[in-house]
Amino acid sequence: MKPFFITTAIDYTNGAPHIGHAYEKVLADVLARFHRQNGEEVFLLTGVDQHGQKVQQSAEREGIAPQEYVDGVTAKFLALWEKLGIRFDGWAATTADKHKECVRAILTRLWEDKDPATGGSRWIYKAARSGHYSVRQEQFLTDKERGPDGEFGPEWGQVEFREEENYYFRLAEHREWLLGLIDTRSAEGKPFVIPEFRVVELRNAVEKLEGDLCISRPKSRLSWGIEFPFDPEFVTYVWFDALVNYLSFAPGYDPAAVRPPEEFLHLWRTVIHDIGKDILIPAHGVYWPVMLKALGFTDAEMPTLLVHGWWNISGAKMSKSLGNTVDPDMLADRYGSAALRYYLMSDIATGRDADFSEERLVQRHNVDLANGLGNLVNRSLNMTRKYREGSPNQVVIPEDFSAHLAANAAALSEYSRFMREGQVQAGLERLGDVVNRANALVDASAPWKLAKDPDQAERLDGVLTILILSARTAATMLLSVLPEAAEEILRQLALEPDSLAGEIAPGLPEGYRCGEPQPVFPRLELPAPPAA
RNA sequence: GCCAGUAUAGCUCAGCGGUAGAGUAGGGGACUCAUAAGCCCUUGGUCGCAGGUUCGAAUCCUGCUACUGGCACCA
């Protein structure tokens with residue numbers, strides 16, 4: 001079976017999930033479901049990033065242990081994914097023993113990979129750096145933190161000059177290699193980053209790459225992390241912990257092996273990292289490929305980065321400090337997870353930003369799903385039952401409608417192409433075409449008139465057949481985005497979905513009888529505005 | 001400061017050298033199988049601003065403005 005491996009970013013467990021977290025997971029889930037529907041061996045990996053200073057501080061504020069704190073937040077994420085129907089195959093939690101061991105094994109290997117010329121590690125070195133340090137905020141200050149008078153403001157408390165030793169991962173010397181990788185991938189038509197306009201951004205950043213990556217924090221400053229295997233005075237700092245989740249929770253990875261095991265590579269060669277634009281540069285676009293190179297991955301074994309945009313709120317960035325975050329849990333409760341999933345997939349072009357609007361969420365649900373697809377299914381089944389007791393006769397499709405099914409087949413294959421490219425919105429537009437074409441056919445052929453004229457009996461059978469087959473094709477195209485609703489439609493139609501291969505059945509099965517219509521998408525209403 | 005990107009109908013966006021497009025919202029009509037849904041027709045734009053190239057520019061070039069992203073600087 002052809003493999004398909006997709007990962008999401010792991011979310012930081014320092015607050016409740018917002019709409020952006022939900023969007024990224026729904027996108028991954030939809031693509032995973034599409035490939036699964038296409039008969040592929042799919043692995044979807046998602047999870048949470050649980051270490052770090054902010055978690056440590058939040059736990060202290062609440063007077064509980066960090067593990068207890070992250071377990072609580074993690075439960076919120078898991079409950080939301082359950083509510084939104086996110087079906088994942090691997091769950092990455094960075095405080096899991098499996099992950100800690102993997103990170104430590106990787107650090108050990110890189111530390112012990114000695115350069116014969118110098119006798120030191122080829123990848124990691126220890127060095128002292130100095131700077132201004134705020135004791136109260138427990139962080140080094142840059143000149144950004146200086147006030148207009150050039151001094152550090154009172155919010156930093158006591159600021160002292162401090163020297164600190166840390167471990168560093170060599171990055172800068174891999175600049176040319178990374179530029180070559182980016183260019184080669186683009187030239188081969190398999191860009192390192194999708195959408196392609198982000199490749200330029202990444203390339204610019206890589207060209208200016210200098211300096212190495214600090215991968216440790218002294219325990220005196222940060223205790224909530226993975227202890228360094230060869231120096232217990234330090235814990236692993238963010239990216240060497242978080243990024244490694246893609247390996248530690250992937251099936252078959254062995255951190256000790258010089259070359260990744262074939263069992264693992266089988267899946268890994270197809271890997272797509274579904275991430276937000278905020279963590280492309282430098283984490284996923286620079287640190288990660290160099291880390292993989294250090295771990296013995298060849299250029300052909302580098303991932304593809306699928307970079308999505310953000311949901312803005314009335315044109316403004318969503319941020320906790322602005323207090324304009326959107327709670328996906330509340331939206332799912334208010335409108336149902338299907339309406340939310342459909343909105344998130346249909347109203348943003350993958351890779352770009354969009355403006356979030358509850359009004360638009362309701363509108364898209366009502367126009368596309370309730371009035372469009374839902375009503376098509378309902379009216380088709382009603383007429384089939386009313387005029388043919390659920391079983392249209394097997395007839396030759398009337399000549400003036402014969403192009404209809406061919407157009408549906410074309411729409412289905414275009415849908416597949418868009419979905420393979422991660423363009424879910426474009427795929428859903430093809431679904432809309434199938435629905436609109438069928439609804440137009442109802443009015444053009446007027447089955448209620450045909451039913452009154454015995455001479456038109458065969459024509460009526462043909463129209464009903466096309467309508468039911470169209471509803472089936474539409475449901476087939478809805479399966480990855482709204483699996484439960486699509487299955488309910490197929491149940492009412494009493495049909496299996498079409499194959500995604502592009503060919504569709506020319507008629508109904510022998511002895512076909514449709515099921516009972518039941519509205520699948522009741523219309524939604526916006527809550528009444530609060531009384532003035 | 002540098003490098004990109006975006007600016008087209010109320011809204012979301014497509015078009016990227018040859019008479020301004022789609023969906024949605026607004027208006028009108030005919031119908032009745034249906035979730036008062038659907039179908040047909042239709043109003044609506046000096047294509048951010050100013051120049052230039054061209055027989056012809058939303059489309060190419062230059063400058064400007066606004067917004068977005070990235071990087072850098074912040075002695």
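Reckoned from all heavy atoms, side chains included, excluding hydrogens, waters and symmetry mates. Throughout, a chain's letter reflects where its sequence line sits, starting with A, and its residues are numbered from 1.
Here, A7(B) and G17(B) have their P atoms 16 Å apart, quoted to the whole Å. Using atom P as the reference point in both C64(B) and G1(B), the two lie 11 Å apart (nearest Å). For the P atoms, the distance linking G51(B) with G15(B) amounts to 28 Å, nearest Å. Rounded to the nearest Å, the gap between the C1' atom of A4(B) and that of A72(B) is 14 Å. Taking atom C1' in both C71(B) and C61(B), one finds a spacing of 27 Å when rounded to whole Å. Going from the C1' atom of C2(B) to that of C16(B) covers 27 Å, rounded to whole Å. The same atom, C1', is picked in G5(B) and in G38(B); the two are 41 Å apart, to the nearest Å. Atom name P, nucleotides U8(B) and A58(B): the rounded distance is 15 Å, in whole Å.
A donor-acceptor contact under 3.5 Å is not formed by the side chain of N371(A) with the base of A37(B). Contact annotation: side chain of N204(A) to base of G70(B), donor-acceptor pair absent below 3.5 Å.
The nearest pair of heavy atoms linking H308(A) to E24(A) is CE1-OE1, 2.7 Å.
Among the atoms of the strands shown, only primed sugar atoms or phosphate atoms (P, OP1, OP2) are found under 4.0 Å from some heavy atom of R198(A). Counting any heavy atom pair closer than 4.0 Å across all strands shown, V520(A) reaches a base atom. Contacts of A440(A) with the nucleic acid, taken as non-hydrogen atoms under 4.0 Å apart, involve only primed sugar atoms and P, OP1 or OP2. Base contact: F521(A) has a heavy atom under 4.0 Å from a base atom.
For an aromatic pair to be called close, the ring centres must be under 6.0 Å apart, and Y246(A) with W288(A) satisfies this. In this structure, F356(A) has its ring center no closer than 6.0 Å to that of H18(A).
Interatomic distance, CG of L479(A) versus CG of D498(A), reported as 10.0 Å (0.5 Å rounding).
The base-pairing partner of U68(B), taking Watson-Crick or G-U wobble contacts with both distances under 3.5 Å, is A4(B). When Watson-Crick and G-U wobble pairs are counted only if both distances are under 3.5 Å, G23(B) pairs with C11(B). With a cut-off of 3.5 Å on both pairing distances, the Watson-Crick or G-U wobble partner of U62(B) is A50(B). Both distances falling under 3.5 Å, in either a Watson-Crick or a G-U wobble arrangement, occur for no nucleotide opposite A75(B). When both distances must be under 3.5 Å, the Watson-Crick or G-U wobble mate of C39(B) is G29(B).
Closest to the K277(A) side chain, of the nucleotides C71(B), A34(B), U68(B), is U68(B). Among G69(B), U35(B), U24(B), the nucleotide with an atom closest to any side-chain atom of P519(A) is U35(B). Residue N439(A) has its side chain nearest to C39(B) when only A14(B), A25(B), C39(B) are considered. Here U68(B) is the nucleotide among U68(B), A37(B), A14(B) with the atom lying nearest to any side-chain atom of D353(A). Side-chain atoms of I281(A) lie closest to G70(B) of the nucleotides A14(B), C33(B), G70(B). For Q363(A), the listed nucleotide lying nearest its side chain is A25(B); candidates were A25(B), A4(B), G38(B). The listed nucleotides are C71(B), A4(B), U6(B); the one nearest the side chain of P282(A) is C71(B).
A heavy-atom distance below 4.5 Å is not found between the side chains of I348(A) and Q425(A).
Between R379(A) and C31(B) there is no side-chain polar atom (N or O) within less than 4.0 angstrom of OP1 or OP2. Phosphate contact (OP1/OP2 of C33(B), side-chain N/O of K449(A), threshold under 4.0 Å): absent.
In the displayed structure, E173(A) atom CD is contacted under 6.0 Å by more than 12 heavy atoms of other residues, nucleotides or ligands.
D241(A) and T236(A) share no donor-acceptor pair across their side chains, judged by distance under 3.5 Å alone.
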